[in-house]
There are 2 protein chains.
Amino acid sequence: MIPSERRKRITIKDVAQVAGVSTQTVSRVMNKFSYVSEGTRQRVEAVVEQLGYRPSTLARSLIQQRSYTLGIVTFGLKYIGPSRTLNGIADKADELGYMLLMKELDNFETNSIDEVIDSLLARQVDGILWVVPEIGDNHAWLDERLTKIPVPVLFLAMQPRDGISSVATDNFQGAVMAMEHLLDCGRKKIGHISGPLSWWEADERKRGWRETLLKIGVDASEEHCTEGNWSSASGEQAFIQLLESFPDLDAVFVANDQMALSVLREAHRRNINVPEQLAVVGFDNIPESAYFYPSLTTISQDLQLLGEQAVQNVVDMIQARQGKQPIISPQSIFIQPTLIVRESSKRV
Amino acid sequence: MIPSERRKRITIKDVAQVAGVSTQTVSRVMNKFSYVSEGTRQRVEAVVEQLGYRPSTLARSLIQQRSYTLGIVTFGLKYIGPSRTLNGIADKADELGYMLLMKELDNFETNSIDEVIDSLLARQVDGILWVVPEIGDNHAWLDERLTKIPVPVLFLAMQPRDGISSVATDNFQGAVMAMEHLLDCGRKKIGHISGPLSWWEADERKRGWRETLLKIGVDASEEHCTEGNWSSASGEQAFIQLLESFPDLDAVFVANDQMALSVLREAHRRNINVPEQLAVVGFDNIPESAYFYPSLTTISQDLQLLGEQAVQNVVDMIQARQGKQPIISPQSIFIQPTLIVRESSKRV
DNA sequence: TATACTTATGAAAACGCTTTCAGAAAACGC
DNA sequence: GCGTTTTCTGAAAGCGTTTTCATAAGTATA
């Protein structure tokens, strides 16, 4: 098969000419809601069909100054979070008639961020979704740059800030749920394996662990917590270290399922019985976690919903700015996770 | 913070006026490689900086008839495959200066496919990447529709077809590698748990299982294979069923790691020792598989590379069509997977 | 000195659409 | 019958660029 030759694009003029009307009339037919006589409409529609005419969204975007496109900035698509969130974003965007213009960040330097935003703006995106985990001060740029962006921007998985719109899972509350469940199971000596603490989400989960313990009068010693980097490999190391610094622990709350998997495995190797001797709770509810051995109790965060909510919000903001709705003031939304109880934390 | 008001876009005219030159001169400065005197260049650049001027890619795309944007059509972002491939696509696209316009398919009806393609074309994408697994005859549309698409289209994870460009993992070869490894381990009674056989990839993996057995003179009975749907849950069912129809098997090749996980777990439950009594090999090499208990031997497919290769190829095709290179004839590329040996298949 | 490039700049057209603006025809009120 | 509104259609301008085309000066060639 020879690649089809570059045919000239069929334009509104072609349709107008064949149908014997002006281009404006064709435009009216395509966009409905305007005075066109029934006869003309049918004639034009027939020609459109016959010629296979499809209006150029590009040209329309140029004149209307809006593109029905959302800019999506991601980081770490290889992590479970961004990738599952994207699924929700894609679904909702489709439902609302928006396309997605994607750009993956490869570092957090300010000029790289400027470049990404500029390239999105150059294509007239109507709004931007920032799907980048908050790590260290990688969101610091927004203090001075954000006001200069002429379209709505919404941040995902970011610590709530006054006057800035964001949507995030309530990691703190999730951790509290995990901890209260362990306490309910009669555990008292609860260790924690955290994610990298430069991540806001990891820090929140750890805070949930600490504050729940403090609430019942137990001191959350730093000895009782080790830090991983989300990977199973790091989870193994963190657990081994934890066993040394906190030998008589009877439960461990692990900041994600992948690291929890290593805990289960290492415990098995050392003949530590789960859940009898050691209860384990993870975070994320990855599909496999129900089939770990033993199956893993975990906190489920609805990333699909997170993505959908984010799109809905940013689209609301866009419409508001078009002046069709009253203006919306920025707000931070928390999505509540849920506890999934499985074998790894059965009550003793 | 009050949302910044909709400032008027700074255009090339503004720059031209302030710098006291014509718009074409500004255009020349922005695009380099044209006669502009040093003095003028510097003056214009200063104004560009001062005004914060950024050219509208939209307008440029309109006149140049190309957008430096790739259309990405996906299906099942929630599956590991498409999502990891996307990572490679994003990286390479960035490297080559392309943006990604994404659209997720929610069904395979022809008019839904037409709509997706039209919406991509309406935005002047320079090429299309079809990141949709081949299931049943969901690629049947391309026979009559493909020639009508005026830009290069490249298919991922599709059965090679004459005259159509595609990039895929060599699933058959991967399966053969898994099987030969099991034979090397001294196993003879090897069962198979397949993915849904309407998927081309699942079918290929099964074919690798069957043909390897035939090659050594063993009949690959249908009794020795059960079918799952990629999920861990289905893997459990499939394994239980397999144990009934093929009770004395000594090895099982499972079509993906998630189902293999269930096999490990169920075997453990039944006190079937892995790998002593039963060797298990998976497919995909998901990050967790190294931390299953026992760790899982598996076939690693480099989806990152797959995505990168796909982008490179489609960009080559685009450039060729721009007439800058000799025309490229369509080709199907197979990416070779690799065997990762771990505990679940140790030699007895 | 005349002829040809090379360098530097601007005027105007074009990309494919939507948006006023304006005019004509038909329908309506009195 | 005349003014007013409603319905229908087209001319022309404009969105923000790039692309010919044209012109003018400077520089090298003969």
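In what follows, chains carry the letters A, B, and so on, assigned in the order in which the sequence lines appear, proteins first and then strands, with residues in each chain numbered from 1.
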### Task
Identify, between A:R28 and A:I10, the residue whose nearest nucleotide on DNA chain C lies closer to the 5' end.
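Checking each residue's closest nucleotide, the 5'-ward one belongs to A:I10.
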
#### Entry: Residue whose nearest DNA chain C nucleotide is more 5′ - A:T11 or B:G20
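Whichever sits nearer the 5' end wins; that is B:G20.
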
### Task
Please collect all salt bridge (Lys or Arg N to Asp or Glu O under 4.0 Å) contacts where either partner lies in residues 82-98 of chain B, sequence neighbours excluded, each pair once.
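Listed by first then second residue: A:K103-B:D94, B:K92-B:E95.
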
### Inter- and intrachain pairs under salt bridge (Lys or Arg N to Asp or Glu O under 4.0 Å), touching residues 13-36 of chain B, at least two apart
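Pairs touching residues 13-36 of chain B that pass the test: none.
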
### Message
Need one value for A:Q64: base, sugar-phosphate or nothing, where a base atom within 4.0 Å counts as base even if backbone is also close, heavy atoms only.
### Response
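Sugar-phosphate: the residue A:Q64, judged by heavy atoms under 4.0 Å, touches backbone atoms but no base.
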
### Query
Using a cut-off of 4.0 Å on non-hydrogen atoms, how would the nucleic acid contact of A:T40 be classed: base, sugar-phosphate, or nothing?
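Contact class for A:T40: sugar-phosphate only.
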
### Query
Under the side-chain hydrogen bond (donor to acceptor under 3.5 Å, both in side chains) test, which residues partner B:Q309, sequence neighbours left out?
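Applying side-chain hydrogen bond (donor to acceptor under 3.5 Å, both in side chains) to B:Q309 gives none.
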
### Message
Please enumerate all residues that pass side-chain hydrogen bond (donor to acceptor under 3.5 Å, both in side chains) together with B:T11, with sequence neighbours excluded.
### Response
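With neighbours one apart ignored, the set is empty.
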
### Stretch residues 44-56 of chain B: residues that reach within less than 4.0 Å of DNA chain C through a heavy atom
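Correct list: empty, so none.
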
By salt bridge (Lys or Arg N to Asp or Glu O under 4.0 Å), which residues pair with [X], not counting sequence neighbours?
| X | value |
| --- | --- |
| B:D114 | B:R145 |
| A:E134 | A:R161 |
| A:E109 | none |

Just distance, no hydrogens or angles: give the donor-acceptor pairs under 3.5 Å from side chains in residues 37-49 of chain A, sequence neighbours left out.
from: A:S37; atom 1: OG; to: A:T40; atom 2: N; distance (Å): 3.4
from: A:S37; atom 1: OG; to: A:T40; atom 2: OG1; distance (Å): 2.6
from: A:E38; atom 1: OE2; to: A:Q42; atom 2: NE2; distance (Å): 3.1
from: A:R43; atom 1: NH1; to: A:A19; atom 2: O; distance (Å): 2.6

### Along DNA chain D (nearest heavy atom to each residue), the more 5'-positioned of A:Q24 and A:Y35
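In this pair, the answer is A:Y35.
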
#### Entry: With sequence neighbours excluded, residues passing ring pair (Phe, Tyr, Trp, His ring centres under 6.0 Å) with A:F108
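Ring pair (Phe, Tyr, Trp, His ring centres under 6.0 Å) check on A:F108 returns A:F75.
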
### Message
Based on the rotation axes of five pairs at each end, what angle does the helix from C:dT1-D:dA30 to C:dC30-D:dG1 bend through, to 10°?
### Response
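For the helix from C:dT1-D:dA30 to C:dC30-D:dG1, the axes at opposite ends meet at about 40°.
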
### Message
I need the A:L51 CG to A:R54 CZ distance, nearest 0.5 Å.
### Response
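Separation between the atoms: 11.0 Å.
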
### Distance, rounded to the nearest Å, where B:N31 contributes CG and D:dG16 contributes P
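It works out to 17 Å between those atoms.
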
### Whole-Å distance separating the CD atom of A:Q124 from the P atom of D:dG16
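Value for this atom pair: 8 Å.
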
### Message
Going 5' to 3' along DNA chain C, between which two nucleotides do contacts with chain B fall, using a heavy-atom cut-off of 4.0 Å?
### Response
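It runs C:dT7 to C:dG16.
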
